[in-house]
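See below for the structure under consideration.
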Number of protein chains: 2
Amino acid sequence: MTSSQSTQKRSTYHHGDLERSLLDAAETELETNGIERFSLRAVAKRVSVSPSAPTHHFGNTDGLLTALASRGYSKFIKMQDKRESRAGDDPKAKLAASGLGYIDFAKKHPALFRLMFASERTDKANPNLAKAANAAFEKLTKHIEAIQGVDPHTNQIAMADALAVWGIAHGLADLTISERLGRATFLAGMSDEDRDEFFSDIILRGVSTHLEKKT
Amino acid sequence: MTSSQSTQKRSTYHHGDLERSLLDAAETELETNGIERFSLRAVAKRVSVSPSAPTHHFGNTDGLLTALASRGYSKFIKMQDKRESRAGDDPKAKLAASGLGYIDFAKKHPALFRLMFASERTDKANPNLAKAANAAFEKLTKHIEAIQGVDPHTNQIAMADALAVWGIAHGLADLTISERLGRATFLAGMSDEDRDEFFSDIILRGVSTHLEKKT
DNA sequence: AGCGCATCTTTACACTGTTCAGATTGTGCG
DNA sequence: CGCACAATCTGAACAGTGTAAAGATGCGCT
């Protein structure tokens, strides 16, 4: 009769769904203290469990973080989907929306974002993580293909577009959560809609206006 | 008679130039283990000094890291200057070179780069750090001004260009040291010159080709 | 029913950053 | 010149960290 509620307290010796509970607790711990001050013992304490309980499920702290990053990519893709669904049918508008979702995610889960894209504590050879990260990239390449009519995997110019757009979205996202873009004071004073349009314009600068060779 | 050599061993009780020595040791420690596994005690051990010796000079570990980040911006700017000096007189070529220097730095000092741009252990209110970071940004705005003929600080469209270029360079740099761009297999097989040209093209997509209003 | 095994706790250890009292040395002031 | 003071560094101690090893617990299967 184990409830699926993850933050529950268990009076029984066995927890029931400790794995999910630990992931949830780890995520709030991560967003609270950041990766650099992340504490496994603190996570265990949140779930009212001994410090070594996570060991069996995740091996060690990095294992837990790796699993957390994997799950992060699902949220990441969902957040992009949400933006895309509101974007109409124009392929470029969809791509821009996807980029805005990229930035949305970074703003909503900055520490998780950093864990996924800039942490060394994550096991990049982990199959789940690799697959999740791959799915995110494939989303991008399909947008480019819809726009350019060529698959980036077989066309270098289209691949260049993909990397350019990725770089722009990623850079804007990373600088945003570092609060570096506040330097442009006019950005802070902008409405959400204007800011979205501003970012969209920049993101779309990544796609080349004319494919030179279609190989 | 204190030599200015920083990695020396002192037989005397007082060190002589412990501050610089600690910074040097901290930098190699940082590049060796990354921020997430950075250890102050290990730094002290490198200089053959007690674990509490750094306290007086930097307050605490974050203080040391903040000083390290400040110094990092100097190297950062120098690395961009080096690229620019080889770039000829065309303002766009200079801007692209500056962006390549941005990426050069990230590749050469990945952990320091992350400390400067993505760490929470750094005191952003620190005057030295703020000034150093500001200088780096001013370098960018001057490039844009040289190209567009308008100061980004007084023209929003020029500022948009600055942020776009910054986002692109930063995104490419960050993704590069995360080894994410290896997905585009053709990038790995490229010569340095081709890769530079490839990145330059992408970076220059950030500058708008025609200023709409010159406010 | 009861055995096996996954799950969780307890204990212990090495390591971390920081504080505090004391040792050592350079420096300025008389 | 001498001496007290201030700056600098050490040593010991403390709370906190991750992880390994051994023991406790109870779920599920035969």
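As a basis for the values below, the full set of heavy atoms in this structure was taken, side chains included, without hydrogen atoms, waters or symmetry mates. In the text below, chain A, chain B and the rest are named by the order of the sequence lines, each starting its count at 1. Note that this is a predicted model, so its numbers are computed, not measured.
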Ring geometry between B/H153 and B/F137 (parallel below 30°, tilted from 30 to 60°, perpendicular above 60°): perpendicular

Pairwise 5' ranking along DNA chain C for A/A53 and A/R41, keeping only the more 5' one: A/A53

C/dA6 OP1/OP2 closer than 4.0 Å to side-chain N/O of A/H57: no

Nucleic acid contacts of residues 117-127 of chain A, taken as heavy-atom distances under 4.0 Å to DNA chain C: none

D/dG18 base / A/S52 side chain donor-acceptor hit below 3.5 Å: no

Sugar-phosphate only, base, or nothing, as touched by A/T55 at under 4.0 Å among non-hydrogen atoms: nothing

Between C/dT18 (P) and B/F58 (CZ): distance, integer Å: 13 Å

Contact under 4.0 Å: B/H56 side-chain N or O vs D/dC9 OP1/OP2: no

Sub-4.5 Å side-chain heavy-atom contact between B/K139 and B/S98: yes

Residue pairs, two or more places apart or on separate chains, that pass ring-ring contact (aromatic ring centres under 6.0 Å, His included) and touch residues 61-81 of chain B: B/Y73-B/F117, B/F76-B/Y102, B/F76-B/F105, B/F76-B/F117

For atom NZ of A/K45 and atom C1' of C/dT9, their distance in whole Å: 15 Å

Length of the line joining A/N60:CG and C/dA14:C1', which is rounded to integer Å: 16 Å

Any residue of residues 32-39 of chain B with a heavy atom less than 4.0 Å from an atom of DNA chain C: B/F38, B/S39

B/D62 CG to C/dG17 C1', straight-line distance once rounded to whole Å: 10 Å

Between B/T141 and B/E138, a side-chain donor and acceptor under 3.5 Å: yes

Any side-chain heavy-atom pair of B/R71 and B/E27 under 4.5 Å: yes

B/E29 side chain to B/V43 backbone, donor-acceptor under 3.5 Å: no

CD1 on B/I103 to NE2 on B/H170, rounded to 0.5 Å: 11.5 Å

Which nucleotide in D/dG18, C/dT18, C/dT10 has an atom nearest any side-chain atom of B/L40: C/dT18

Short side-chain donor-acceptor distance under 3.5 Å, B/T28 and B/R46: yes

Side-chain donor-acceptor contact under 3.5 Å, A/E36 with B/S119: yes

